[in-house]
J.: 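Pasting a structure here, questions to come.
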Amino acid sequence: MDLGADRKRDSLRDGFGREIGDLRISVTDRCNLRCVYCIPEETPTFQPRDELLTFEELERVTRIFVDAGVSKIRLTGGEPLLRKSLPELVASLSSIPGVADLAMTTNGIFLRDALGALQDAGLNRLNISLDTLRPERFRLLTRRGGLRIVLDAIRASRDEGFQPLKVNVVPLRGFNDDEIVAFARFAREEKVVVRFIEFMPLEAGDVWSRDMLVPGAEIREAIHDYCAIEPVDASHAAETAERFRFVDGSGEIGIIAPVTRAFCGACNRARITADGKLRTCLFSLAEIDLKGPMRAGASDADLMGLIGGAWAAKEAGHLINSDDFVRPDRTMSSIGG
Ligand code: SAM
């Protein structure tokens, strides 16, 4: 991996001056969990396997994005570890010159056995999603089970060198918002960075409401009341999380508030869905197909043209807080969170 990554190139710039920098790749829309706020209980209609971008297509498209200015890649889904032979993809992406950071977001259930292979293949950062520390509630929330497995995976990942290890929590009013302090304690005791993410209207089944959302400011106050925190300076402009350290030196937490404190003005992210559609915002209503042209023989220059056109038209920001807001047809699990 090109960790120096100071290669000079002209990055794509959108109409608001934002340079592309970060690519989120969904490697599958399938998931082994059925989290109540993310995916419907009845078996959803997943993409047929031949609609998924192959590893070769993913590597090709990633190279083009890197030429366009991307240096950070995140693999997500669905559950990325459901994709067979994932370490092979990690190895091919991590060897692309210009990839400075290769990360993955996972629910952790299948992580433990894959850790060594992922690390050897060049994965250098991990986020593990976990919304409750209570076994019974975990079962209700995920409609499956496995809290102990996820906790083991968190500890193993941290101990095997994925540091700082980030744990993503989505607080939902009346569901797990009584665990915010428990998660802050978890961050300090387990030496992991817990990141609280505001619930966004991207769920299956239209359950989102402003009442269910726990605003970032409320999360910050609850944690500060438990143990004093102070801001940490952002290490780069496009950082989505507001970072806070515990004043007693016992660790760090993050708060990601896309609804109450939108960071669209600094957004440098593009996303590719598992079926090869390019999205320039989680809330985009339009997507650009890359798979069709690729399979019809498009050249790299053709694909760069499509990517450049999409990036030039990147939305100013999401409209969640406006009367004009229209939900995208896709849910988070089919876009790639
Ligand atoms: N399966 C992997 C996992 O669980 O981490 C990756 C995909 S999952 C869609 C990625 C992240 O999106 C998870 O942390 C999940 O909690 C979060 N997420 C899903 N729906 C969300 C929503 N409506 N608002 C905010 N976060 C959401």
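Order of listing sets the numbers, starting from 1, for every ligand and every atom in it. Just so you know, these numbers use all the heavy atoms, side chains as well, and skip hydrogens, waters and symmetry mates. The structure presented is a predicted model; accordingly, all values stated were derived computationally and were not measured.
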J.: Which ligand 1 atoms does Val170 reach within 4.0 Å, using its non-hydrogen atoms?
T.: 16 (O), 26 (N)

J.: Does ligand 1 have a heavy atom under 4.0 Å from the side chain of Thr105, from its backbone, from both, or from neither?
T.: both

J.: Does one hydrophobic cluster hold both Leu165 and Val232, with members joined at side-chain heavy-atom distances below 4.5 Å?
T.: no

J.: Touching ligand 1 at all, Gly78? Heavy atoms, strictly under 4.0 Å?
T.: yes

J.: For residues Phe175 and Tyr37, establish whether the separation of their ring centroids is below 6.0 Å.
T.: no

J.: Give the residue, atom name and distance (to 0.1 Å) of the protein heavy atom nearest atom 25 (C) of ligand 1.
T.: Glu198 O, 3.5 Å

J.: Given side chains that start at C-beta, do those of Cys264 and Glu315 come closer than 4.5 Å, heavy atoms only?
T.: no

J.: Are the side chain of Arg279 and the backbone of Leu282 linked by a donor-acceptor contact shorter than 3.5 Å?
T.: yes

J.: So if I count the atoms of ligand 1 from 1 in the order they appear, which ones are less than 4.0 Å from some heavy atom of Phe199?
T.: 22 (C), 23 (N), 24 (N)

J.: Between Lys291 and Asp289, does at least one N-O distance fall below 4.0 Å, as a salt bridge requires?
T.: no

J.: By number and element, which atoms of ligand 1 are closer than 4.0 Å to a non-hydrogen atom of Asn168?
T.: 14 (O)

J.: Among all protein heavy atoms, pick out the one at the shortest distance from atom 12 (O) of ligand 1; state its residue, atom name and that distance to 0.1 Å.
T.: Met332 CE, 3.8 Å

J.: Do Glu57 and Arg295 have side-chain heavy atoms sitting under 4.5 Å apart?
T.: yes

J.: Within the side chain of Gln163, is there an N or O that forms a donor-acceptor pair under 3.5 Å with the backbone of Arg158?
T.: yes

J.: Please report which non-hydrogen protein atom sits nearest to atom 23 (N) of ligand 1, along with the residue it belongs to and the distance in Å to one decimal place.
T.: Met200 O, 2.8 Å

J.: With heavy atoms of Thr76 as the reference, note each atom of ligand 1 found under 4.0 Å away.
T.: 6 (C), 7 (C)

J.: Taking Ser334 for the side chain and Arg330 for the main chain, is one N or O donor matched with an acceptor at less than 3.5 Å?
T.: no

J.: Out of Ile73, Leu75, Leu89, which one pairs with Leu58 under the side-chain contact (heavy atoms from CB on, under 4.5 Å) rule?
T.: Leu89

J.: What is the closest protein heavy atom to atom 8 (S) of ligand 1, and at what distance does it sit?
T.: Gly77 O, 4.4 Å

J.: Ligand 1 versus Thr106, non-hydrogen atoms closer than 4.0 Å: side chain, backbone, both, neither?
T.: backbone

J.: Which residue and non-hydrogen atom of the protein lie closest to atom 14 (O) of ligand 1, and at what distance in Å?
T.: Ser129 OG, 2.7 Å

J.: Do any nitrogen or oxygen atoms of Glu79 lie less than 3.5 angstrom from nitrogen or oxygen atoms of ligand 1?
T.: yes

J.: Among all protein heavy atoms, pick out the one at the shortest distance from atom 15 (C) of ligand 1; state its residue, atom name and that distance to 0.1 Å.
T.: Tyr37 OH, 3.7 Å

